[in-house]
Amino acid sequence: MPVLVVKDGPGPGTQVPAQLQRIPIPLLSPTSDCTGKTVKGRVVHKGPLVSMGEDNYVLKTVIQEEDSQQNMSPEHSSINIILFGALAKDYSESVSQADMLLVTGFTVGNSPTAQKDKLHACNLQLAGDDAWMYVWPSTVRPRASVPRKRTSPASTEVTRAAKVVKYTYVPLSDLKPGVVVNVYAVVTFFKQPFRTKGTDYCSTLKITDQSNKKVGCTIFCDKLEEHPKIFKMGDIIRLHRVKTQLFNGAISLLTSHGFSVVTFDGTVGSPVVPRTSSGSFKFGEEDCQVVEALRTWAANQSLVPAEPCVPLSAVQPKTYFDLTCQLLAKAPVDSSCTLLKVWDGSKCPHPLLDVFVEPNTLEGSRMLSKDMANLTANVLVYDNHVEVARQFKPGSYLRIYNLHAVPGASRLPSNDSGQSDQTEHLGFHLHGGTSYGRGLRVLPEDSPDILDLKRILETFADSDINDSSMFEVWSTPPESFERTCDHTVEQVSLAEVKSRGPPQVFHVQVQLKSYQPQRLYQSLKLFCHKCKTIRDVPDDVTVGGLFSEAQKDVGPCNNGYWTLALPLPREPPSESPSRTLTLLMSSQLMGKGKEKELIFLKGATLEETCRIASAYSNIVPVTSLQGTMTLLDLSAPFLFRGTKKYYGCKQCSQLKVGESLGEGVKVWDEESVADALGVQLLQYGLLMKLELQDGTGSLEALLWRDAESFFHVSAEDTAADQEAQDRVQETMDRLCPPGSSTAERPWMDLCLSAYTVEENGQRRACYQICHTDTRSTNPYTHPHATPSDT
DNA sequence: GCTTAGGTTTGG
């Protein structure tokens with residue numbers, strides 16, 4: 001097996017076995033004894049790799065001795081070397097013109113071309129296991145900055161010498177059939193790996209380079225992670241050891257033995273970060289330059305058609321597009337279809353199809369809030385893609401290729417009773433097959449497109465914070481209003497409201513100019529009656545994280561509870577740790593035959609907890625703390641009742657988990673459970689800021705204490721119930737139709753309570769909408785009517 | 001043991 005040794009720097013080094021003896025090239029003759037001899041020179045010519053059939057190659061090269069005696073003519077210090085077999089291939093891939101070469105294990109023959117090329121009358125022939133080459137890459141070319149593997153081959157263990165590091169890359173236009181080559185190129189088309197009828201996965205690519213030749217490339221590999229990580233057209237690809245092949249009259253590339261691949265982002269100016277699963281790939285400055293050259297070249301070629309990546313906000317019905325998004329939840333629909341709930345932070349102008357699935361089949365966050373805001377796209381993936389989607393975890397970032405936006409999308413059997421008006425709703429289908437690159441994959445969290453996406457998604461979190469800070473400014477609204485308004489109070493203008501000042505109740509006739517938050521789910525808050533703080537409802541990703549965290553505690557908790565441990569079957573991947581679900585029931589309750597009325601659950605995911613909660617009346621997720629049962633962090637719900645979740649105040653709760661339970665409790669509901677556990681129960685509330693206007697000016701007013709009667713919903717319901725959410729949305733759409741001018745908005749009779757807030761020693765007037773039911777408010781139906789002036 | 005696929009949709 002011929003192996004080439006690389007050594008940095010010029011001149012012979014200690015790596016060449018010392019017992020070898022060098023022969024000056026001019027002294028070589030067909031009668032020379034070549035055993036234990038070496039010849040050394042610089043590569044002045046490197047011929048093409050010529051294929052002589054399967055795995056048999058020939059390559060001719062010329063080296064010139066540089067330190068020959070001066071009286072020797074250059075002709076006689078240059079000699080042809082003929083390389084055979086695998087050595088020829090290795091040489092072709094590893095050695096460049098101007099490299100320094102030392103060969104051993106050769107035979108000397110007569111050069112048939114001596115007359116013509118005026119070189120040495122002899123040539124050197126290298127073949128078989130005895131032939132060896134040592135290469136010192138030229139110092140003229142840029143060098144790899146990564147540390148090279150410098151295995152010093154001990155004389156006894158020469159065969160363990162390091163493989164050569166340098167590769168040569170063939171322009172696509174120069175490819176000849178039947179050779180193994182290395183290429184660098186730009187990806188102009190690709191399919192994500194798909195299962196073949198054979199043993200491997202297959203990636204199909206089309207690539208091109210500065211030679212403008214377009215070449216198809218088929219990659220077979222049984223390991224998915226060894227397939228090229230291509231995220232979009234325009235990515236750069238480096239292929240090592242691919243075989244050229246004539247197919248349909250054109251050259252194509254196919255994986256061959258020892259194949260490897262690295263890919264790079266194709267964006268000009270972005271960092272050159274190799275994407276590979278291989279731990280031993282070689283990558284240096286030269287690669288950076290090649291990548292950057294390809295990027296620059298490609299940027300001026302319009303190789304990539306119109307940007308296939310489209311945000312939800314720009315999706316046109318009936319089109320195919322690529323979607324970059326975050327997976328919120330998924331649910332199997334049937335054996336050939338899986339539902340993925342995704343979002344990209346942009347709002348689709350078309351109403352999105354809501355695919356209803358049984359809550360207990362949904363993995364991940366329910367994201368009702370985002371559904372409500374028309375932010376969640378329901379993607380149905382079919383057939384071959386189901387297997388791929390099965391590996392995805394909610395929270396991960398995906399790109400879905402060639403997604404079909406289908407208006408009035410198909411009705412799923414389970415969806416018949418859901419939305420009656422389907423015609424306007426956009427559904428998304430990833431059809432089966434791989435035509436047009438249809439497929440999907442996870443994108444790494446640090447890839448540029450995902451960093452962009454994360455920034456967008458984070459603005460949602462930011463606006464949550466802004467909502468909270470908005471109410472710090474407004475201070476905690478007063479709990480109750482002494483004055484009541486039955487709208488018999490004299491109606492005044494907003495200008496008068498401002499001039500009269502607090503404390504007072506006013507009756508006004510106004511239009512809605514604007515409101516916050518625009519994303520209505522953000523108006524849902526948790527309120528503590530004791531400390532008066534308002535907090536946001538955590539999203540399911542956050543809560544899911546707390547559950548995962550709690551699962552890490554595998555210790556027992558034995559404080560007098562009756563325990564039922566349920567080992568769970570391992571989930572793929574098989575190396576995932578095994579888990580146990582533990583149900584703990586109060587012995588006290590058990591004595592009264594009421595043990596099922598309150599169940600503590602340990603080791604479950606959020607999803608499992610929700611599922612179990614649908615079957616039992618009160619589920620309290622717990623974990624163990626030094627052998628004692630304890631509640632999860634109070635950022636997570638402490639109680640699940642059906643589809644409802646209840647939270648406790650971190651500040652005001654004084655937990656007494658594990659103490660006696662159920663003395664005097666007749667009915668277990670959220671209040672009695674909270675009492676028994678020492679939890680200060682938080683109330684759900686709706687909080688909005690409305691900007692009101694009439695002919696005399698505008699004024700900002702909070703909607704908080706009476707928000708539930710304003711919308712005719714219970715805030716608690718809006719946390720778990722789509723219908724309640726829709727009602728809030730409908731009310732706001734009626735008062736402030738999207739895209740409407742202020743003249744088109746209805747007039748409302750409102751009751752405003754003015755009160756004083758002290759902040760940093762400064763007093764200012766604040767206003768809150770009270771005693772107003774938007775149903776009984778009877779908004780004016782004449783949009784252009786002017787409010788009566790009083 | 002040494003194939004598999006070989007870009008091109010329209011549907012659930």
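In what follows, chains carry the letters A, B, and so on, assigned in the order in which the sequence lines appear, proteins first and then strands, with residues in each chain numbered from 1. Computed from heavy atoms alone, side chains included, the values below leave out hydrogens, waters and symmetry copies.
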Output, in order, the C-alpha distance, side-chain angles, deciding distance and verdict of ring pair (Phe, Tyr, Trp, His ring centres under 6.0 Å) for His425(A) and His350(A).
CA-CA 7 Å; His425(A) 290 77; His350(A) 311 275; over 10 Å; no

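For the C1' atom pair drawn from dT10(B) and dG6(B), the interatomic distance equals 23 Å after rounding to whole Å.
In summary, the aromatic rings of Tyr201(A) and Phe220(A) are positioned with their centroids too far apart to meet the 6.0 Å limit.
In the interface, the side chain of Asp334(A) is not paired with the base of dG12(B) through any donor and acceptor atom under 3.5 Å apart.
The two residues Val342(A) and Cys325(A) have their closest heavy-atom pair at CB-SG, 3.6 Å. Closest of all the heavy-atom pairs between Glu226(A) and Phe259(A) is O-CE2, 4.1 Å.
One atom, NE2 of His385(A), and another, C1' of dG12(B), lie 12 Å apart when rounded to the nearest Å.
Under the rule for a side-chain hydrogen bond (donor to acceptor under 3.5 Å, both in side chains), the partners of Ser203(A) that lie at least two apart in sequence or sit in another chain are His227(A).
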At under 4.0 Å between heavy atoms, which parts of nucleotides 3-10 of chain B does protein reach? Answer with one letter per nucleotide, 5' to 3': B base, S sugar-phosphate only, - none.
BBBBBBBB

